[in-house]
*Asks:* 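Structure incoming, see below.
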Amino acid sequence: MDLSHRTVLVVGGTSGIGRELARRFATAGSTVAVGGRNSRALAELAEEGFGTFEVDVTDGSSVAAARNTVLARYPGLDTVVTMSGVMLMEDLRDPAHFEAARATIDTNLLGTIRVIDAFTPHLVGRGAGTFVTVTSGIAFLPFPPMPSYAA
Ligand SMILES: NC(=O)c1ccc[n+]([C@@H]2O[C@H](COP(=O)([O-])OP(=O)(O)OC[C@H]3O[C@@H](n4cnc5c(N)ncnc54)[C@H](OP(=O)(O)O)[C@@H]3O)[C@@H](O)[C@H]2O)c1
């Protein structure tokens, strides 16, 4: 994928892989916005020159508000990376694992779908665009401590 000449939003770009990917896009010449919940990380990224947006992907109204703000500032947005995710351990012998399962599905699966649904009309409307989603090797190799994450 050509990382240059893009206008890209990395949702889940406040740490880890997303933060470094945002820097890669920027270094290659793209215009980059970053979304997440961590206000301190967002402030640091704003100082680096990124557009920054608060968003909680488990909250549809937060995603819609972020979408509106991002598109007002970047009407030429052509790429959305859905990097946000949690990696929670679960012990299936303890029914209390359900809360971790719920958080995992709400963030990693439904959160991704919320973000994609929010930006699909914009990308369809401009006639072209790219979504970059994220998976894990744990989807392919059994890893009992993270069953919902694997699913
Ligand atoms: N690390 C690995 O070995 C690995 C391997 C394969 C795939 N992955 C996947 O790659 C992605 C990034 O992993 P990482 O290791 O870089 O993790 P990380 O450092 O923990 O980053 C996770 C990112 O997701 C964001 N996030 C979490 N919950 C969110 C929410 N409710 N709303 C908005 N943003 C949320 C966090 O931002 P805030 O805290 O600011 O909200 C953060 O930017 C994850 O989806 C992970 O499952 C990781």
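If you're wondering where the values come from, they're calculated on a predicted model, not measured in any experiment. For the numbers below, each heavy atom of this structure counts, side chains included, while hydrogens, waters and symmetry mates do not. Note that ligands are numbered from 1 as they come in the structure, with each ligand's atoms numbered from 1 the same way.
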*Asks:* I need the atoms of ligand 1 closer than 4.0 Å to a non-hydrogen atom of Gly13, numbered in the order shown.
*Replies:* 43 (O)
*Asks:* Hey, is Met83 touching ligand 1 through its side chain, its backbone, both or neither, going by heavy atoms under 4.0 Å?
*Replies:* both
*Asks:* Starting from atom 5 (C) of ligand 1, locate the nearest protein heavy atom and write down its residue, its atom name and how far away it is, to 0.1 Å.
*Replies:* Ser136 OG, 4.3 Å
*Asks:* What protein heavy atom sits nearest atom 35 (C) of ligand 1, and how far off is it?
*Replies:* Ser84 CB, 3.5 Å
*Asks:* Side chain or backbone of Asp56 under 4.0 Å from ligand 1, or both, or neither, by non-hydrogen atoms?
*Replies:* both
*Asks:* Do Leu71 and Leu77 come close enough that some side-chain heavy atom pair is under 4.5 Å?
*Replies:* yes
*Asks:* Answer yes or no: does atom CZ of Arg126 have more than 12 heavy-atom neighbours from other residues, nucleotides or ligands under 6.0 Å?
*Replies:* yes
*Asks:* For ligand 1, find out whether one of its N or O atoms is nearer than 3.5 Å to an N or O atom of Gly36.
*Replies:* no
*Asks:* How far is atom 22 (C) of ligand 1 from the closest protein heavy atom, and which atom is that?
*Replies:* Gly85 O, 3.6 Å
*Asks:* Closer than 4.0 Å and a protein heavy atom, does any atom meet both conditions relative to atom 3 (O) of ligand 1?
*Replies:* no
*Asks:* Are side-chain heavy atoms of Met146 and Met89 found at a separation under 4.5 Å?
*Replies:* yes
*Asks:* How far apart are the closest heavy atoms of Ser4 and Ala28, and which atoms are they?
*Replies:* CB-O, 2.9 Å
*Asks:* Is the shortest distance from a Lys or Arg side-chain nitrogen in Asp106 or Arg114 to a carboxylate oxygen in the other one below 4.0 Å?
*Replies:* yes
*Asks:* What is the closest protein heavy atom to atom 48 (C) of ligand 1, and at what distance does it sit?
*Replies:* Ile17 CD1, 3.7 Å
*Asks:* I'd like to check Ile113 versus Leu109 (side-chain heavy atoms, cut-off strictly below 4.5 Å). Are they in contact?
*Replies:* yes
*Asks:* Which protein heavy atom lies closest to atom 21 (O) of ligand 1, and at what distance to 0.1 Å?
*Replies:* Ser15 OG, 3.0 Å
*Asks:* Tell me which part of Val55 gets within contact of ligand 1: side chain, backbone, both or neither, using heavy atoms under 4.0 Å.
*Replies:* backbone
*Asks:* Would a single hydrophobic cluster contain both Val8 and Ile17, if residues Ile, Leu, Val, Met, Phe, Trp and Tyr are joined by side-chain heavy-atom contacts under 4.5 Å?
*Replies:* yes
*Asks:* What atoms in ligand 1 come closer than 4.0 Å to a heavy atom of Val134?
*Replies:* 9 (C), 10 (O)
*Asks:* Is a side-chain donor or acceptor of Thr133 paired with a backbone partner of Thr82 at a separation under 3.5 angstrom?
*Replies:* no
*Asks:* With a cutoff of 4.0 Å, is Thr135 in contact with ligand 1, counting heavy atoms of the residue only?
*Replies:* yes
*Asks:* Who gets closest to atom 32 (N) of ligand 1 by heavy atom: Asp106, Val57, Thr133?
*Replies:* Val57
*Asks:* Relative to ligand 1, is Thr107 under 4.0 angstrom through side chain, backbone, both or neither, heavy atoms considered?
*Replies:* side chain
*Asks:* What atoms of ligand 1 come within less than 4.0 Å of a heavy atom belonging to Asn38?
*Replies:* 38 (P), 40 (O)
*Asks:* If you take all heavy atoms of Asp56 and Ser62, which pair is closest and at what distance?
*Replies:* N-OG, 2.8 Å
*Asks:* May I ask you to list the atoms of ligand 1 that are less than 4.0 angstrom from any heavy atom of Gly16?
*Replies:* 16 (O), 19 (O)
*Asks:* Please tell me if the side chains of Thr31 and Tyr74 come closer than 4.5 Å, counting only heavy atoms from C-beta onward.
*Replies:* yes
*Asks:* Nearest heavy atom to atom 17 (O) of ligand 1 wins, so pick from Met146, Met87, Arg37.
*Replies:* Met87
*Asks:* Say whether Thr14, considering both its backbone and side-chain N or O atoms, lies within less than 3.5 Å of an N or O atom on ligand 1.
*Replies:* yes
*Asks:* Between Arg19 and Thr14 (side chain of the first, backbone of the second, donor and acceptor by atom type, cut-off under 3.5 Å), is there such a pair?
*Replies:* yes
*Asks:* How about Phe119 and Phe131: do any of their side-chain heavy atoms sit closer than 4.5 Å?
*Replies:* yes
*Asks:* Quick one: does Gly12 get an N or O within less than 3.5 Å of an N or O on ligand 1?
*Replies:* yes
*Asks:* Looking only at distances, can you tell me whether any N or O atom of Gly18, backbone or side chain, sits closer than 3.5 Å to an N or O atom of ligand 1?
*Replies:* no
*Asks:* Could you list the atoms of ligand 1 found under 4.0 angstrom from a heavy atom of Tyr149?
*Replies:* 7 (C), 8 (N), 9 (C), 46 (C), 47 (O), 48 (C)
*Asks:* Does the side chain of Arg6 come within less than 4.5 Å of Thr130's, by heavy atoms?
*Replies:* yes
